Amino acid sequence: PGEAPGMMALEIAMDEMPEKLGMDPVELRVLNDTQVDPEKPQRRFSQRHLVECMRMGAERFGWSRRSARAAQTRDGRWLLGLGMAAAFRNNLTQKSAARVRLDRQGRITVETDMTDIGTGSYTIIAQTAAEVMGVGMEQVTVQLGDSEFPVSCGSGGQWGGNNSTAGVYAACMALRETVARRLGMDPSRAEFAGGRVSVPGGRSVPLGQAAQQGELAGEDAIEYGDLAKTYQQSTFGAHFVEVAVDPFTAEVRVRRMLAVCAAGRILNPKTARSQVIGAMTMGAGAALMEHLAVDKRYGFFVNHDLASYEVPVHADIPHQEVAFLGEADPISSPMKAKGVGELGICGAAAAVANGIYNATGVRVRGYPVTLDKLLPGMRDVAWIGNWVRCASSARTRPTSAALLVTRSFLNALPRWNRTVGYSKPSRLWISLSGQPQLTSHATSASRLLRRPSRCSVASAHLPSSLAGAVSFQSSRESAAVMAGS
């Protein structure tokens, strides 16, 4: 939807603004919330629970532990950051029709040309018919996708679930009236439950008895009139993301994702959650890897297949949590529901990008946020605070010293002979030999290691993006020095 790429930019600005104002990103959004359509102030939202989504998400995600200053939190070598973004997607209402049949066995058949593209239309339509007609779902058969059936709203734009089930609801209500009259009951008092039709204080008969003389059918459609002129109908949410960034390679790992959604009555929590986590996955892909390369000379789409167009795989996606407010919106439709399928992608990418900024202090201005865009801005990331911790190898007594490494110290080291290699992925080691004249910083480092005569400092004038991976070696000690907060 258009809201998805739009919010990829807008929610970055909404993250920068509170930083400049010295405010929390959640609190800035709360302070500026509104209950009316900003474009048409005379039109109120049917419901707007954005603040509730942000409050719930902040509490569940541990947002209070976020550092307001960027590049302040670490887990081992990884820089950690928390990012959030608001989610918004309009709720679109469209006419949708259905036909519902009742046979003598009391079975219900729903017919509508609605589609199920994997979003769960069969399930929620069956649920709707079963609920309204008072039967179990095993008594309902749903038939979709035939052009001979009544015209539905179709799938797309997260309008399918609410509108198609509202159309089925209307058809079921028409069938209920026909059934009640066939059984000689007042339609306004007839109750449908447990596969039976009854009147309070009166008789109760099996539902199928109404069709003993022939199949009954009800057909109707849901239409909304001028509702859109009176109310603005929208869905809202909040995304929270935790990311880890390697300060030396700029590798990004998404660790946690949470989406809190306010989308009216949730017709089926399981299928709704599946749609939202799928959308969150798409948001992570949009933030970190998806890019369409076009040769503008010939209008050729270069990466036009799955071999060259990057999308997230299982290893890229962390634990995902989805929470629904579950509020019913009585204005949206007879189902009191709204769409939810596309809400999950709106704002998700920006939450990832904002988390990367909180981890690194580097604001990337173009998606996707890839290593080549992060690295130039991460020259000083490994040196923020300039404190490093010294951890000895397991074979020796731990070195308890914490030493301060400065650029002047590093600048003195290139005079040494050095050997560069890798002992494990992302762990750079450099062995140095020789006896240069140590600067005061190097002397301090040797003194803190407590064995200056037997310890050669293993470091060098590294590329600034790798300047935190420094190791110290000696005949009796081996200490890894990693940048710390």
Side-chain angles (χ1 to χ4, degrees), residues 4-16 70-71 73-85 239-257 278-296 300-318 320 345-384 422 425-428 462-469 483:
M7 297 187 78
M8 289 172 72
L10 177 63
E11 286 300 302
I12 296 293
M14 289 297 294
D15 193 63
E16 291 187 63
T73 307
R74 288 181 178 268
D75 179 13
R77 80 172 190 270
W78 295 92
L79 293 161
L80 299 186
L82 299 184
M84 66 83 56
H239 290 283
F240 292 83
V241 175
E242 178 183 358
V243 301
V245 183
D246 190 309
F248 317 121
T249 66
E251 175 189 359
V252 177
R253 289 291 181 185
V254 180
R255 290 193 170 186
R256 291 187 296 142
M257 300 182 79
M280 294 162 69
T281 301
M282 295 167 68
L288 298 175
M289 59 194 70
E290 295 191 45
H291 172 68
L292 187 61
V294 181
D295 186 332
K296 296 181 180 179
F300 175 66
F301 293 92
V302 180
N303 54 339
H304 56 271
D305 53 38
L306 290 178
S308 52
Y309 185 89
E310 298 291 337
V311 295
V313 296
H314 287 84
D316 297 312
I317 301 304
Q320 295 171 304
I345 193 175
C346 298
V352 175
N354 290 338
I356 293 172
Y357 173 77
N358 184 246
T360 65
V362 178
R363 184 75 75 179
V364 177
R365 297 296 180 181
Y367 291 98
V369 184
T370 48
L371 309 186
D372 58 307
K373 298 176 183 177
L374 271 176
L375 276 173
M378 293 182 66
R379 298 178 185 276
D380 301 322
V381 166
W383 298 97
I384 292 177
Y422 288 89
S426 301
R427 177 66 61 82
L428 181 69
L462 309 180
S464 57
S465 59
L466 299 176

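What you see is a predicted model, and the numbers here were worked out from it, not measured in a lab. Below, each value reflects all heavy atoms present in this structure, side chains not excepted, and no hydrogens, waters or symmetry copies.
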Closer than 3.5 angstrom, by distance alone: can the side chain of [X] be matched with the main-chain N or O of [Y] as a donor-acceptor pair?
X	Y	answer
N354	A350	yes
Y367	M8	yes
N303	A293	yes
D305	S308	yes
D295	F300	no

[X] versus [Y]: any side-chain heavy-atom pair under 4.5 Å?
X	Y	value
H239	M280	yes
P312	M282	no
M7	C346	yes
T249	L371	no
M289	H291	no
V302	V294	no
W78	D246	yes
E16	R363	yes

Open item on the list: Would E290 and Y309 count as a side chain to side chain contact (heavy atoms under 4.5 Å, CB included) here? Give the steps.
Closed with: CA-CA 7 Å; E290 295 191 45; Y309 185 89; 2.8 Å; yes
Open item on the list: For L292, is the CG atom crowded, meaning more than 12 foreign heavy atoms sit under 6.0 Å from it?
Closed with: yes
- [ ] Drop me the distance from T370's OG1 to L375's CG, to the nearest 0.5 angstrom.
- [x]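 The CG atom of L375 is 9.5 Å from OG1 of T370, to the nearest 0.5 Å.
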Task: Approximate separation, where rounding is to 0.5 Å, of N358 CG and E242 CD - done: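 Rounded to the nearest 0.5 Å, the CG-CD separation comes to 10.0 Å.
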- [ ] For a side-chain contact (heavy atoms from CB on, under 4.5 Å) with V243, tell me which candidate from L288, L82, L79, I356 qualifies.
- [x]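 The residue from L288, L82, L79, I356 that satisfies side-chain contact (heavy atoms from CB on, under 4.5 Å) with V243 turns out to be I356.
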TODO: Measure across A348 and G283 and return the closest heavy-atom pair with its distance rounded to 0.1 Å.
DONE: CB-CA, 3.9 Å
Open item on the list: So which atom in R74 and which in R77 form the shortest heavy-atom distance, rounded to 0.1 Å?
Closed with: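 Looking at all heavy atoms of both residues, the closest pair is NH1-O, 3.5 Å.
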Open item on the list: What I want to find out is whether R255 reaches D75 closely enough, with some N-O distance under 4.0 Å, to be called a salt bridge.
Closed with: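 Judged by the 4.0 Å cut-off on N to carboxylate O distance, R255 and D75 do form a salt bridge.
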TODO: Output, in order, the C-alpha distance, side-chain angles, deciding distance and verdict of side chain to side chain contact (heavy atoms under 4.5 Å, CB included) for T281 and I345.
DONE: CA-CA 8 Å; T281 301; I345 193 175; over 6 Å; no
Task: From CA spacing to verdict: side chain to side chain contact (heavy atoms under 4.5 Å, CB included), M378, V245 - done: CA-CA 11 Å; M378 293 182 66; V245 183; 4.1 Å; yes
Open item on the list: Does M84 form a side chain to side chain contact (heavy atoms under 4.5 Å, CB included) with V241? I'd like the steps, not just the answer.
Closed with: CA-CA 6 Å; M84 66 83 56; V241 175; over 6 Å; no
